[in-house]
S.K.: 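Below are the structure tokens for one structure; questions will follow.
Chain naming here is simple, since letters A, B, ... match the order of the sequence lines and numbering starts at 1 in each.
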Amino acid sequence: MTALRFVNARIVRPDGVADGELHVVGDRIVDAAPNAEVIDCRGKLLAPGIVDLGVFAIDREAFRAGGIVRVGLMPDQSPVLDDPGIVQRASLVGKPLLWIHPIAAATKGLQGADLAEMAIMKGAGARAVGTGRRWIADSGVMRKVLAYARDLDLTVVAHAEDGGLTGNAVATEGEAATRLGLPAAPSIAEALAIARDLALAEETGARLHFRQVTTAAGFELVRAAKRRGVQVTCGVTPAHLLLSDNAMSDFRTFAHLSPPLRSEEDRKAALVAVADGTIDVLCSGHDPRGPEEKRLPFADASPGASAAETLLALGLGLDLPVERLFAMLAINPASVLGVDTGRLLPGQPADLMLLDPQASWQIRGEAMKARAGNTPFDGLPTQGKVLRLWKGGKEI
Amino acid sequence: MRHSDHRPAALIEGGAVFPHRHLTGISGLQPHEIAFLLDEAEQWVEANRNRAKPDKRLDGLTLINAFFENSTRTLLSFEIAGKRLGADVVNMAVAQSSVKKGETLIDTAMTLNAMRADVIVIRHSSSGAVRLIAGKVDCPVLNAGDGSHEHPTQALLDALTIRRRRGSIAGQRVVICGDILHSRVARSNILALTALAAEVRVVAPATLMPAAIERMGVTPYADFDAALAGADVVMMLRLQNERMSGAFIPSTREFHLRYGLTLDRLALAKPDALVMHPGPMNRGVEIDSNVADHIERSAITEQVEMGVAVRMACLDVLTRRARKVEGWA
């Protein structure tokens with residue numbers, strides 16, 4: 001059994017950063033590790049490995065470069081994660097170095113009509129159920145999904161865009177979309193979807209997680225629901241915190257995201273929602289798309305960004321207390337998935353990263369380890385590098 | 001030859017007057033650059049009318065019209081413009097249905113490039129498609145309409161028509177009415193006319209009005225009659241067939257009731273107000289025949305005439321570098 005003793009570390013604990021030592025035996029953090037190999041951290045940050053909730057592709061190299069040791073895999077795969085066998089395969093394919101927690105499709109084929117076999121899929125490794133990138137239009141079906149998942153103690157991961165309003169839209173209504181002549185939907189599409197799902201979650205008592213909330217009206221609804229005691233959490237990506245719909249200028253398809261980039265006012269509201277704790281999870285939404293899907297007219301291009309490698313650095317740039325950042329990157333997403341990890345305390349899994357938050361680098365799509373370099377942040381200078389990474393006590 | 005309202009004295013003839021390689025939109029053009037293209041077009045208006053001795057300045061150059069979306073008039077207009085200047089014109093009509101979206105668009109661009117076209121004119125149903133192709137080819141690219149984005153030569157020909165008929169563009173009150181939401185003609189005209197200091201009003205039912213359109217420097221109206229007060233120019237847009245029944249407007253007759261240009265309505269504008277339409281018209285829907293054919297007021301056939309002149313000017317200006325015209329090399 002391996003034993004590790006991290007010394008001279010600035011350890012990111014749930015309640016703050018503390019200088020000290022951290023001990024690992026096997027795949028767990030322990031109080032003391034006799035005869036351990038000593039790792040001198042030289043005053044760098046020792047932080048929990050990232051749990052990235054809601055990725056669209058299994059992209060080991062990108063995850064490793066980004067300090068990501070566990071991912072919540074979206075059900076929008078080919079084939080869709082709506083079958084126990086497919087779910088089981090997905091849950092095992094990454095081990096031991098990358099743990100994949102499948103988010104199973106809540107309805108068969110993600111069609112929003114018939115319930116998928118949630119209990120059997122849970123047995124096969126599913127850690128949550130979700131609507132994928134789609135919205136379940138039928139409120140009756142959504143209510144059944146929530147109630148059924150509640151009894152299985154599974155969180156429902158929902159996509160918050162009213163499909164009737166979004167239609168074929170690829171942008172948010174506003175000056176940018178109007179000037180570019182792109183099909184656009186009003187930002188209220190998000191608040192409408194959130195309002196309905198919150199009402200249903202409140203009534204059924206289910207746990208609900210919105211993978212991405214991106215509008216001021218959406219945050220306000222989630223904030224109010226949390227105050228009422230609704231079991232709701234929500235996430236956001238750095239893109240929606242740092243970019244507005246102006247980034248689509250010149251038809252840059254790397255800025256074609258789902259949900260689309262919002263107005264500057266909504267972006268500022270997202271920063272406020274991070275600061276006041278309305279947003280629980282910071283996720284990458286990693287979705288590498290090659291030129292055959294991105295070198296197209298804007299509306300014909302696939303949405304999504306290659307974001308696993310930039311998640312941590314862009315997160316560090318938000319200037320949050322570092323323990324709060326890692327709550328959003330590890331503890332909270334793990335909790336949505338019902339996984340007990342993310343705290344650097346004895347008994348927890350030894351998923352660790354050694355991090356230099358000051359190391360500067362430039363984001364360059366072509367230099368990415370990911371399967372494709374479709375980042376809307378191409379060229380941006382940034383700070384924060386993963387120096388070393390351990391999953392379950394093993395360096396990867 | 002008229003001179004424009006916006007020509008800075010410091011600018012002389014030469015490449016610096018129009019430093020753009022492509023014409024993908026009015027967006028990005030300075031007012032004096034728009035005015036320069038209009039000034040250049042004037043000579044071709046006269047030449048076309050007089051059938052003067054042919055000017056074959058594009059002799060030996062290949063113009064490819066790559067139309068990924070159906071068009072009759074614009075294609076014909078570009079073809080005539082190219083031929084009047086002596087270019088070899090090749091038309092490539094690619095029905096959108098037969099072209100798989102995706103790689104094919106870039107592939108087609110690469111193919112055209114490999115054939116050493118000297119200038120490529122493109123129409124495509126997706127906003128931004130022309131700019132995408134422009135980035136992949138070595139020769140100048142002219143946008144003949146991309147999705148709901150831009151149709152710059154239409155805006156130029158409209159501006160030229162207004163300038164010739166009204167003497168100036170600055171200060172003119174121009175009312176644009178119809179499907180603003182989906183119209184590239186509206187967007188390019190808004191950009192060109194506001195750049196040249198016209199007052200632009202846009203009129204549409206709420207279902208066909210884009211969000212935040214006032215940020216483009218225009219005043220939106222739902223009430224056509226109110227918008228027409230004091231108008232110098234009334235520009236009607238074509239209502240596409242697929243938008244006529246249900247999804248955006250209840251029916252064509254209801255649209256005509258609220259937004260059709262009738263003689264009675266036209267009387268609300270200035271007594272000498274100009275009537276324009278980019279064609280093809282839906283007579284009895286957005287415009288009545290007695291308005292469209294009004295001998296003093298309608299400039300609709302003149303627009304078609306200006307279209308050839310404007311396109312000749314654009315083809316000439318954009319190929320000057322390649323032709324090593326003095327001052328443009």
Side-chain angles (χ1 to χ4, degrees), chain A residues 163-190 215 217 244-256 260-266 289-304 372 374 376 378, chain B residues 24-28 68-69 96 99-110 122 124-136 143 145-151 179-188 190-191 194 202 206 209-218 220 247-248:
Chain A
L165 280 175
T166 51
N168 64 345
V170 296
T172 308
E173 270 190 2
E175 184 183 356
T178 290
R179 283 184 183 273
L180 295 172
L182 293 173
S187 66
I188 193 85
E190 179 179 283
T215 64
S244 68
D245 54 3
N246 287 324
M248 301 186 303
S249 65
D250 264 346
F251 299 97
R252 291 177 60 216
T253 56
F254 286 4
H256 182 181
L261 289 170
R262 306 299 192 184
S263 69
E264 189 61 15
E265 291 71 36
D266 283 330
R289 301 276 177 173
E292 66 283 0
E293 290 177 276
K294 282 291 190 184
R295 205 183 292 153
L296 295 174
F298 193 93
D300 302 334
S302 303
N374 50 305
D378 198 27
Chain B
T24 56
I26 299 295
S27 156
F68 295 86
E69 187 185 77
Q96 184 67 26
V99 177
K100 275 271 174 232
K101 288 177 185 170
E103 272 294 343
T104 315
L105 181 58
I106 291 286
D107 284 347
T108 309
M110 300 300 223
I122 297 165
H124 196 281
S125 60
S126 282
S127 301
V130 175
R131 202 171 297 191
L132 183 70
I133 295 176
K136 301 285 166 203
N143 183 359
D146 64 325
S148 303
H149 178 226
E150 283 231 44
H151 191 354
D179 181 0
I180 309 288
L181 179 63
H182 299 97
S183 176
R184 54 198 176 209
V185 174
R187 279 176 184 72
S188 286
I190 288 169
L191 291 166
T194 55
V202 292
M209 184 73 89
I213 190 72
E214 67 282 355
R215 299 293 297 268
M216 293 185 77
V218 302
F248 292 92

S.K.: Taking Thr178(A) for its side chain and Ala211(B) for its backbone only, find out whether a donor-acceptor pair lies under 3.5 Å.
M.R.: yes
S.K.: Measure across Leu191(B) and Arg179(A) and return the closest heavy-atom pair with its distance rounded to 0.1 Å.
M.R.: CD2-NH1, 3.8 Å
S.K.: How far does CG of Leu132(B) sit from OG1 of Thr253(A), to the nearest 0.5 angstrom?
M.R.: 8.0 Å
S.K.: Please flag which part of Leu181(B) lies under 4.5 Å from any non-hydrogen atom of chain A: side chain, backbone, both or neither.
M.R.: neither
S.K.: Please name all residues satisfying salt bridge (Lys or Arg N to Asp or Glu O under 4.0 Å) with Asp266(A), sequence neighbours left out, ordered by chain then number.
M.R.: none
S.K.: Could you tell me whether the side chain of Ser127(B) reaches within less than 4.5 Å of the side chain of Phe251(A), counting heavy atoms only?
M.R.: yes
S.K.: Name the region of Arg215(B), side chain, backbone, both or neither, that has any atom closer than 4.5 Å to a heavy atom of chain A.
M.R.: both
S.K.: For Glu265(A), what residues pass the salt bridge (Lys or Arg N to Asp or Glu O under 4.0 Å) criterion, not counting sequence neighbours?
M.R.: none
S.K.: Identify the residues of residues 167-177 of chain A whose heavy atoms come closer than 4.5 Å to a heavy atom of chain B, ordered by number, or report 'none'.
M.R.: Glu173(A), Gly174(A), Glu175(A)
S.K.: Who pairs with Glu150(B) by salt bridge (Lys or Arg N to Asp or Glu O under 4.0 Å), at least two apart in sequence or on another chain?
M.R.: none
